[in-house]
Each structure stands twice: as C-alpha cells, then as structure tokens.
Amino acid sequence: MTETARDYRSTLNLPKTGFPMKANLGQAEPATLKRWAEGSLAARVLEARADAPNFVFHDGPPYANGNIHIGHLLNKVLKDFVVRSRLMEGKRVHYVPGWDCHGLPIEHKVMLELVEKGKMAKLDTLEPDLRRMAIRRECAASADKFIKLQCGQMERLLTLADYAHPYATKQPEYEAATLEVFASMVEQGVVYRDLKPVHWSIANQTALAEAELEYEDRDDPSIYVDFEASDAEAVGRAFGVEPECRPSFMIWTTTPWTLPANLAIAVHPRYRYALVEHDGALSIVASDLWAKVAAAVSAEKHRVVAECDGAALVGLTYRHPFCDREGGIVAADYVTLEDGTGLVHTAPGHGADDYRTGLREGLAIYCPVRGDGTYDDTVPQWLRGMSVWEANAKVVEHLTQSGHMVHHQMFRHSYPHDWRSKTPVIFRATEQWFVGVDRPVKSSGKTLREMALAAVGGETATVRFVPEWGRNRMRGMLENRPDWCLSRQRSWGLPIPAFVQADGSMFMTPTSVRAVARRIAEKGSDCWFQESPAQLLAAYDPSADASAPAGLDIASLTKAYDIFDVWFEAGSSWNSVMRARGIGFPSELYLEGSDQHRGWFQLSLLPALAVTGEPPYRALLTHGFIVDKDGKKMSKSLGNAIEVEDLLKLHGAEVARWWASSVPYDGDIRVDMEFFRLAGESYRKVRNTLRFLLSNLSDFNPEAWKKSGASIGPETIDGWAMAQLAQLQRTVRDAYERYQFRDAHVAIFDFCNETLSARYCAATKDRLYCDAANGPRRRRTQATMWACVETLCKLLAPVLPHTAEEAWNSLWQSVGVDAAKGRPLTLEQHAPIAAQLHPAWDAALVAKESVSKALEVAKAEGLDNPLDAGVSVVDAAATLKPVLADLPDFFGVSRVELVERGTGALTVTVQDLRNEPRCERSWRRDGTVRERGDGGLLSDRDAAAVGV
RNA sequence: GCGCCGAUAGCUCAGCUGGCUAGAGCACGCCCCUGAUAAGGGCGAGGUCGAUGGUUCGAGUCCAUUUCGGCGCACCA
C-alpha cells in the first residue's frame with residue numbers, strides 16, 4: 001500500500017468485546033456456580049417471586065447410591081429446563097431436590113462390606129435390636145455419603161435448586177409424614193395383612209415388590225408328570241369307558257421344586273379333556289393340547305380313548321407322586337391351552353392363582369420352603385433341608401425313578417430376579433402387609449384401581465401425559481397390577497409400626513400409627529429399635545381410640561419387625577415434601593424415565609388417591625432411556641457407558657445441557673462421546689453469534705437510543721430481524737410451555753445460524769464498521785442487536801444458564817451496569833416484542849437465494865468477491881421495491897437494481913463492477929466513489945464518516 | 001409370551017389429518033472472505049423412507065405380517 005497515509009482501518013468501528021470466543025467451560029462453570037451460591041440465587045429467586053403465581057414442580061428422589069450417570073444427567077437437566085423456563089415466565093417455582101435413602105440396594109451393599117471386613121460374625125452375636133441398629137448406622141452413613149456426593153454432582157450440572165435443604169426419605173420429619181399417609185390408608189380400609197405368596201428373595205431373605213424385580217433368562221427343567229388317579233373307576237365313569245389300567249393326570253411345570261407343595265390340579269371346566277393311551281400308559285390331557293404334548297414327550301404309539309368336559313373331572317382325586325397324601329381336581333378359568341397339558345399343578349403357597357384357587361377350595365396355604373430357600377421338615381425325608389434349586393434336579397431324578405416322569409428337558413425362559421443380588425426369586429407364601437387395590441376406599445366407596453384408572457384414562461382423566469402414549473401404558477399397568485406388598489423383612493427402612501399382642505394377633509390402628517409417627521418425628525425411626533412399645537406409644541391413649549382392640553395391654557406388646565417397601569416412602573413424597581413443607585398440592589408435573597410408570601408415578605398415585613382422593617400431579621412427563629450409539633442398553637458391565645465426570649471434563653455442563661435440549665426424549669436416547677463433540681460445535685456457533693452481536697454493542701447505549709425517539713421501520717433489514725426475533729420468542733416460549741425443548745433448541749440454533757449469522761450479521765457488517773459511529777442507521781442496527789442479545793439470553797437461560805448469563809453480564813457491562821449484582825438474568829422475565837414482518841422480506845429471501853446462485857456462476861468467470869458485483873433483479877410487481885434501500889447489504893453486493901418489467905419469473909443478472917472505482921475504506925463499488933480531499937478514493941458515505 | 005414405543009441421507013433428527021422431483025442441522029467435497037479469524041459466507045454431492053404383503057388414482061405417511069432395538073408386564077403353573 002503506497003498510500004499508507006490513508007490507512008482507513010483505524011477509522012472503522014471494528015468489533016470489540018470482552019466476551020471470549022473460547023468458552024473455557026471447565027473453569028468458567030465452577031466460577032459461575034460459586035457466584036450463584038454466594039448470592040444464594042436459589043433463595044433469592046423464591047424471595048423475588050414471593051407474590052408471583054406458583055408453579056409446583058416435585059422432584060422424584062433418585063437412590064442415594066453411586067455416582068450419577070448419564071440417565072440422571074438427562075433427567076435432572078430436563079427438570080432444570082422446566083424450572084428455569086417457568087421462572088422466566090414469571091412464576092414462583094418450587095423445586096426441592098430429594099433422595100431415596102432406605103432399602104435393599106444400600107443394605108445389600110453394606111452387608112457385603114460387613115462380611116468382607118469380617119464384622120458380620122460379631123454382629124450376629126448381638127441381640128436383634130442391637131444388630132439392626134448396627135446395620136442401620138452403616139446404612140445411614142452410606143446414604144449420607146452418597147447424598148452429599150450426588151448433591152455436588154447435580155449442582156455441577158448447573159441445576160438451580162436449594163441443595164442446602166434437600167429432602168431425604170430418612171429424615172425424621174419425612175418418615176413421620178410418610179406414616180401419616182400410612183395411617184390414613186389404614187383408616188381408609190385399604191391396608192391388610194395376609195398369608196399369601198409373594199416374590200421372595202432367598203439371597204436377601206425378604207419379600208420384594210414388582211418394582212424390585214428384573215427379568216433375566218434362566219434354564220429350568222420343563223417336566224411332564226403323571227399324577228395317578230386314586231380311583232380308576234371314577235375316572236372311567238367321567239369318560240364313560242372302562243379303563244384297562246390306572247389312568248394319570250398329566251401336569252406340566254417348570255418349577256419341580258414346587259411339587260412337594262402340590263395340593264390340587266386345576267382344569268378348565270369348559271375345555272375338553274382326553275383320556276389318551278400312549279406307549280402303554282393312560283393319561284389325561286386337554287384334547288386340544290394332546291398333539292402338542294404327544295410331540296413334546298415324543299410318544300410313539302398313542303390314541304385317544306375317550307373325551308369329556310373338564311367339569312366332569314372336577315372332584316376326582318389323585319395320589320401325590322411322592323408325598324403321602326391325595327389331591328383333588330379343581331376348576332379354574334385361568335387354565336389356558338397355550339402351554340402345558342391343560343391340567344395345572346396347583347400349589348397355593350407358591351403362586352398367585354394357586355393361592356386364590358386354594359382359598360376358594362379351602363386348601364391350606366402350604367409353603368414348605370423356609371426363608372433361606374430350603375425345605376422344612378414337612379416334606380419327604382430325601383428333600384428336607386435341601387435348597388429349592390438343588391431340589392429341582394432331585395425331584396426330576398426321583399420322578400424318573402418312580403416312573404411318574406413322562407418327559408423332561410431343559411427350557412430357557414425369562415424369570416424374575418432380585419434386582420440387587422441378581423439371584424432368581426421364588427414365589428413363597430408368607431404373612432405380609434398389603435395395600436388392596438380392589439378394596440373400596442372408605443371416603444369414595446371406590447377401589448384404588450377404579451380411582452386410579454379414572455384419573456389416568458377415560459373422560460374423567462385429570463392427568464396430562466407427555467408424550468400422550470404414556471396414558472395407555474399406565475392404564476395397562478393399573479388394570480393388571482396385583483395388590484401392593486408393603487412389608488420387607490429387613491433392617492434398613494421405616495418400620496411398619498405394628499405390634500404383636502400376647503395372643504399373637506397384630507395391633508395397629510390409625511391412631512396408634514399416628515402416635516408412633518409423632519415419636520419418630522422427634523427421634524427418627526431408629527427409636528423403633530431402641531425403645532419399648534410403651535415408649536413408642538407414649539402419645540397413644542387407647543381410651544381415645546375407637547378402633548383399639550378390647551383389652552389392649554400395652555405392657556405386653558412386642559414390636560413387629562417388618563419395614564416399609566421403599567416405594568411407599570418415595571410414593572408418599574407428595575405429602576412428606578409438598579404438603580409437609582407447605583409448598584402446595586398437587587404438583588404441576590412429575591418428570592421421570594419411562595420405567596416410573598410402574599414405579600414412582602404409580603406408587604405415588606395410589607397413596608395420594610387413598611388419602612386425598614386426588615392424583616398428586618397434573619401432568620406426567622416421561623423420557624426414554626439412554627442407550628449407546630448402536631441402540632444397546634448402556635451399562636458398566638457392557639463397557640459402553642459414558643462417565644458423567646469424563647463428559648464434564650471434556651465438554652462442560654453447558655454442552656451436555658445443550659445436547660440434552662436437542663434430544664427427542666420420547667424414545668430411546670442414543671449417546672456417544674461423538675454426539676457431545678457435535679453438540680459442542682453447535683454450541684460454539686451460538687456462542688460466536690452472541691459474541692459478534694456483543695462486539696458491536698460496545699459503544700451503544702439503549703437508554704440514549706430510546707430517548708432519541710428513533711424507531712425501527714419494518715421496511716428496514718433491522719425491522720426484518722426484529723420480526724424474526726419476535727417470532728423466535730413466540731416459538732421458543734411455546735416450546736418450553738409444552739416441554740418440547742428440542743423445538744426450542746432447533747429454533748434458537750436456526751435463528752443464530754441462519755437469521756443472524758448468515759443473513760443479518762453478514763448484511764449489517766458494512767454499516768456497523770463503516771457508517772459514522774453515531775449514524776442513525778448504525779444505531780438502529782445496534783438497537784436491533786441489543787434486543788437480539790437481550791432476548792436470546794432470556795430464551796437461552798433455561799438451557800444454557802451459564803453462557804446466557806455470561807453474555808447478559810457482558811451486555812450490561814458495556815453500559816456500565818454490573819448485572820451479576822444488580823439484575824441477574826435468572827430473575828428476569830420475558831417481555832413481548834412488537835414487530836411486524838414486512839411481506840417484501842419474504843420475497844427478498846427468495847431473491848437472495850437466486851442472487852447467491854447467480855454469483856456462484858459469476859465466480860466461474862473470475863468475479864470472486866461479491867462486493868465487486870452489482871445485481872439487477874426482475875421485480876415485475878414491484879414487490880421488492882419497499883425494501884430496496886437495504887437490499888445491497890442483504891444480498892452482500894455493492895449495488896442492486898430492480899427491474900419492473902418482464903415476466904413474473906425471478907431473473908438475476910450479475911454486473912461486473914471491477915472496472916469501477918472501489919472505496920478504499922468499505923471496499924464497495926456503489927457508484928459514488930471518487931477521490932476525496934485527503935487523496936483517498938472513498939464513497940460518499942465513507943467520506944462523510946471520515947469527515948473529508 | 002403379552003403391552004407400549006422406535007426404525008427416514010455417514011450421524012442426530014423433521015416430515016400434522018396419505019398428494020408436486022422426501023427436508024434440516026452436523027459431517028463431507030469445491031469455492032469465497034481475511035475488518036467475527038482456532039471465526040464468517042456461498043454452492044454442491046448424498047436417501048430402494050427396516051423388510052414383506054395389502055388398501056388407494058396415489059403411501060415415508062393407512063392396514064396386516066415380520067425383523068431388529070428399548071421400556072414395561074407375568075397365571076411360563
């Protein structure tokens with residue numbers, strides 16, 4: 001440059017900002033967290049919104065065990081989107097994070113550790129209460145440790161919550177409030193105690209609820225066994241034939257170990273049954289199944305001798321193949337023709353249907369299996385003391401030797417396992433506490449099942465489902481669910497406050513439960529293991545309790561030792577947290593993974609309905625599960641898990657949040673480190689757009705601009721941007737309202753990427769840099785950009801709280817305001833934007849595409865720089881005319897000419913302007929460029945800006 | 001086994017009540033800019049819409065069957 005004297009660069013208004021391009025989230029986020037904590041942001045928000053309308057949002061308690069995983073991350077971050085987006089709408093948002101503390105997962109782990117440390121043997125010598133307390137102390141310490149750990153990890157995700165005051169199910173006040181729920185349920189008549197088969201974990205020696213089971217494949221013997229009829233002639237009469245030898249009832253089972261408990265055989269009264277001769281034996285099998293069975297048992301020679309209805313078989317008797325007793329044929333309509341023989345081995349102590357049949361037929365609920373999975377002494381000698389799993393083979397062997405075995409093979413099927421010990425569970429009759437879902441609730445006269453179904457589906461439905469298909473799913477589960485087994489035989493939990501009277505009967509009334517609740521509120525549930533019944537019932541006055549049993553003698557009571565299913569505690573959180581803390585009821589929303597349809601959603605619904613008659617939530621939002629990039633389940637054992645810590649170290653919480661907002665959460669959510677890298681790139685795009693806007697606002701004062709009375713006309717490119725901004729705001733607020741975060745994410749990204757970066761910013765660069773600093777056109781654009789940053793910060797705040805705040809603070813810093821102190825973004829609210837879109841801009845957008853394509857063609861002829869070009873666009877109807885002034889900028893060329901003739905077809909002609917003078921300052925060839933007083937070649941605009 | 005959900009460019013996803021040559025972002029290729037620069041812009045290539053069979057003038061979109069994957073359920077006795 002020979003004319004170095006005229007270096008116009010210094011006369012330009014070039015971008016300037018402290019907002020860094022590189023986010024450095026790893027260090028910057030913790031600093032933001034510290035600032036929030038120091039300013040007690042969570043508390044301040046509640047204060048600031050003291051009079052605002054409430055938005056009650058209740059957090060489901062994760063289990064206080066282990067580090068958080070990506071599933072937690074997704075769940076907590078989605079919840080935070082709700083919290084922060086509702087805050088931005090001006091609501092007073094109540095959100096208390098919580099933890100589930102009691103239960104088998106912790107106790108199981110603690111026991112393993114105690115065994116490892118060799119402390120178990122010593123504990124076993126202690127008296128039961130002391131032993132339980134020792135275990136409980138270890139468990140409590142473990143829960144505390146993990147609550148603290150996870151608190152920090154969740155806070156690190158930049159989630160806004162009062163982590164200093166979380167709820168935990170082991171807090172005395174929580175426990176007491178849970179017992180209040182229980183007392184009301186007892187009062188409502190839905191709690192009962194009964195001897196019946198429940199899922200039993202041998203490893204942990206306790207009953208388990210449905211929510212504590214997982215299903216794994218398992219190989220079991222599949223056996224066909226002949227049970228000899230006691231009275232051959234009676235069978236003959238049923239079939240109307242004279243049997244040549246003693247006939248047998250053929251049953252099928254995959255649990256040979258339950259055969260010692262066999263007390264009956266069930267048939268369907270309306271099915272046809274056949275007396276069949278096969279390889280010299282005579283058996284009874286359902287007619288429609290014989291072909292299948294014959295094939296299964298590989299019968300070679302066989303024929304059907306006679307047939308009769310199942311009803312004709314009812315009442316016949318058989319000899320148990322190895323126990324010294326007879327059993328009877330009974331009718332049951334659950335017998336199917338899908339598997340087996342149509343004759344169902346019935347052991348009332350080992351199956352739910354068997355149990356019901358047993359009750360109806362007056363059979364004993366006989367369960368010869370003890371808690372440790374071994375047989376008691378009521379079984380034949382050769383089985384006594386043996387574990388049921390060993391017994392499977394033994395029974396098979398015995399039946400084979402005794403000639404009762406028709407066929408035996410191994411069979412793979414899915415079988416329930418204890419979710420903690422991963423060992424198979426058995427069905428075993430024990431005395432347990434239950435919530436009856438088909439018992440009428442006193443207050444409504446309806447059963448819990450009816451009430452739940454009414455709340456969830458049909459015309460009476462009050463609960464909203466996001467996504468909608470959750471409704472069907474929950475309905476299906478509610479229709480089928482069995483009674484809820486509430487009791488567990490463990491130490492780590494909230495005791496079911498029942499006492500045993502001298503005569504062995506149970507004592508527990510609503511009033512006594514409330515009395516114990518009061519004691520526990522003061523001392524915590526440990527007191528159950530440390531105090532006498534009289535102490536526990538200190539607040540109980542039998543004379544004031546109408547339900548107290550006659551002749552109650554508190555002095556002779558002993559404590560019962562069942563504890564609550566942890567799901568009952570979590571399922572009472574609407575009372576223990578929302579109502580007990582005065583937050584409100586019901587919650588607007590419960591938001592959890594789709595497995596909670598059977599878990600927390602359902603087990604919160606039942607108690608709430610029983611006690612209040614209302615569901616505890618207005619809406620249920622479910623998200624899918626995290627799977628790897630191939631759609632496989634993510635787990636540590638498969639080695640495809642991504643550690644949250646690694647993720648945060650590599651990308652920061654903001655990128656993880658940005659990713660979470662981009663995910664369609666209805667179905668499975670695929671995850672791979674690569675996806676976070678991609679999210680990081682798109683985050684950078686948004687960040688850089690904000691940075692560009694901020695960098696052009698360093699000399700702008702919005703107050704002064706407002707005072708100047710200037711406005712943004714719809715025909716200006718700024719008016720176009722404002723209209724787009726207004727549209728964006730509507731779209732994003734609506735998306736947040738509907739919990740469709742992805743829609744918000746896409747809209748924001750597209751706005752930053754296309755509307756701003758590719759179009760508006762590209763188009764306005766020239767005026768920002770080259771117009772006189774205080775020129776009205778430049779100021780107008782700055783006003784527009786200011787509005788964009790302001791609005792974007794608010795729209796982004798729910799998803800990118802750190803970045804949005806960083807930009808927000810930087811924005812205000814440019815006018816000397818310390819926003820971090822004075823007006824934190826979190827306390828802001830949306831303000832509607834009034835801007836109308838001028839229709840010419842739609843046409844301009846279409847024209848821009850044609851211009852780009854035409855320029856691309858011109859490039860091939862050497863016209864590389866669009867500023868060296870002018871374009872003329874056919875605009876027959878003068879559609880573009882109103883916005884002509886800003887079209888050169890919009891198209892990125894030096895000049896635009898509109899041609900008001902020709903057809904309606906859009907035609908673009910490119911003019912090569914390289915022969916015309918080029919402004920040394922703005923590099924444009926707008927036709928006004930000439931030599932100025934300082935000797936430079938400048939356009940009119942630039943000459944004026946420089947003042948020559 | 002039963003219920004619910006998903007399967008669309010290399011990747012992540014849009015495609016509402018069936019209708020012009022199936023869209024976006026990212027990645028990729030070519031190019032421009034060098035006054036957003038470990039930035040910015042333009043153009044382009046890329047898909048038998050899991051498979052099969054049906055309904056229809058016409059189906060990614062409706063129906064049936066099926067495969068794979070996820071979540072849930074359980075009277076597999």
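Only heavy atoms go into these numbers, but all of them, side chains included; no hydrogens, no water, no symmetry mates. To find a chain, count down the sequence lines: A is the first, B the second, and so on, and within it residues start at 1.
Under the 4.0 Å criterion applied to side-chain N and carboxylate O atoms, Asp438(A) and Arg449(A) are assigned as salt-bridge partners.
Thr258(A) and His345(A) share a donor-acceptor pair across their side chains, judged by distance under 3.5 Å alone.
When heavy atoms are screened at a 4.0 angstrom cut-off, Ser594(A) is found touching the sugar-phosphate backbone but no base atom. In this structure, Thr17(A) reaches neither bases nor backbone, as no heavy-atom distance under 4.0 Å exists between it and the strands shown. Within 4.0 Å (heavy atoms only), Asn472(A) reaches no atom of the nucleic acid at all. Within the nucleic acid shown, Arg356(A) has no heavy atom closer than 4.0 Å to any nucleic acid atom. Within the 4.0 angstrom heavy-atom criterion, no nucleotide atom of any strand lies near Ser695(A). Using a 4.0 Å heavy-atom cutoff across all strands shown, Arg691(A) reaches sugar-phosphate atoms only and no base atom. At a threshold of 4.0 angstrom between heavy atoms, the contacts of Ser852(A) are confined to the sugar-phosphate backbone, with no base atom among them. Across all strands, Leu678(A) comes closer than 4.0 Å only to sugar-phosphate atoms, never to a base (heavy-atom distances). The residue Lys765(A) sits close to a base: some heavy atom pair falls under 4.0 Å. Contact annotation for Arg921(A): base contact, defined as any heavy-atom pair under 4.0 Å involving a base atom.
Applying the Watson-Crick and G-U wobble criteria (two distances, each under 3.5 Å), rC57(B) pairs with rG19(B). Pairing for rC43(B) goes to rG29(B), judged as Watson-Crick or G-U wobble with the two contacts each under 3.5 Å. Nucleotide rG72(B) has rC2(B) as its partner under the Watson-Crick or G-U criteria, with both atom distances under 3.5 Å. If you check rA36(B) for Watson-Crick or wobble pairing at under 3.5 angstrom, you find it has no partner at all. Remark: rU12(B) base-pairs with rA24(B); criterion is Watson-Crick or G-U wobble with both hydrogen-bond distances under 3.5 Å. Under the Watson-Crick and G-U wobble criteria, each requiring two contacts below 3.5 Å, nucleotide rU52(B) is paired to rA64(B).
Taking the nucleotide of RNA chain B with the nearest heavy atom to each of Ala758(A) and Asp864(A), the more 5' of the two is matched to Asp864(A). Where Lys22(A) and Trp469(A) each meet RNA chain B at their nearest nucleotide, the meeting point lying more 5' is that of Trp469(A).
Taking the six-membered ring where tryptophan is involved, the planes of Tyr224(A) and His407(A) are tilted, since the angle between them lies from 30° to 60°. His320(A) and Phe227(A) have tilted rings, their planes meeting at an angle from 30° to 60° on a 0 to 90° scale. Trp600(A) and Tyr590(A) have parallel rings, their planes meeting at less than 30° on a 0 to 90° scale where 60° marks the start of perpendicular. Under the 30°/60° scheme for interplanar angles, the aromatic rings of Phe700(A) and Trp786(A) are found to be tilted.
Taking side-chain N and O atoms only, Tyr769(A) has a distance below 4.0 Å to OP1 or OP2 of rA36(B).
As rounded to the nearest Å, rC68(B) and rC76(B) have P atoms that lie 24 Å from one another. Using C1' as the reference atom, rA9(B) and rG60(B) are 14 Å apart when rounded to the nearest Å. Atom name P, nucleotides rG40(B) and rG25(B): the rounded distance is 15 Å, in whole Å.
When distances are taken from the side chain of Glu754(A) to each of rA39(B), rG70(B), rA24(B), the shortest belongs to rA24(B).
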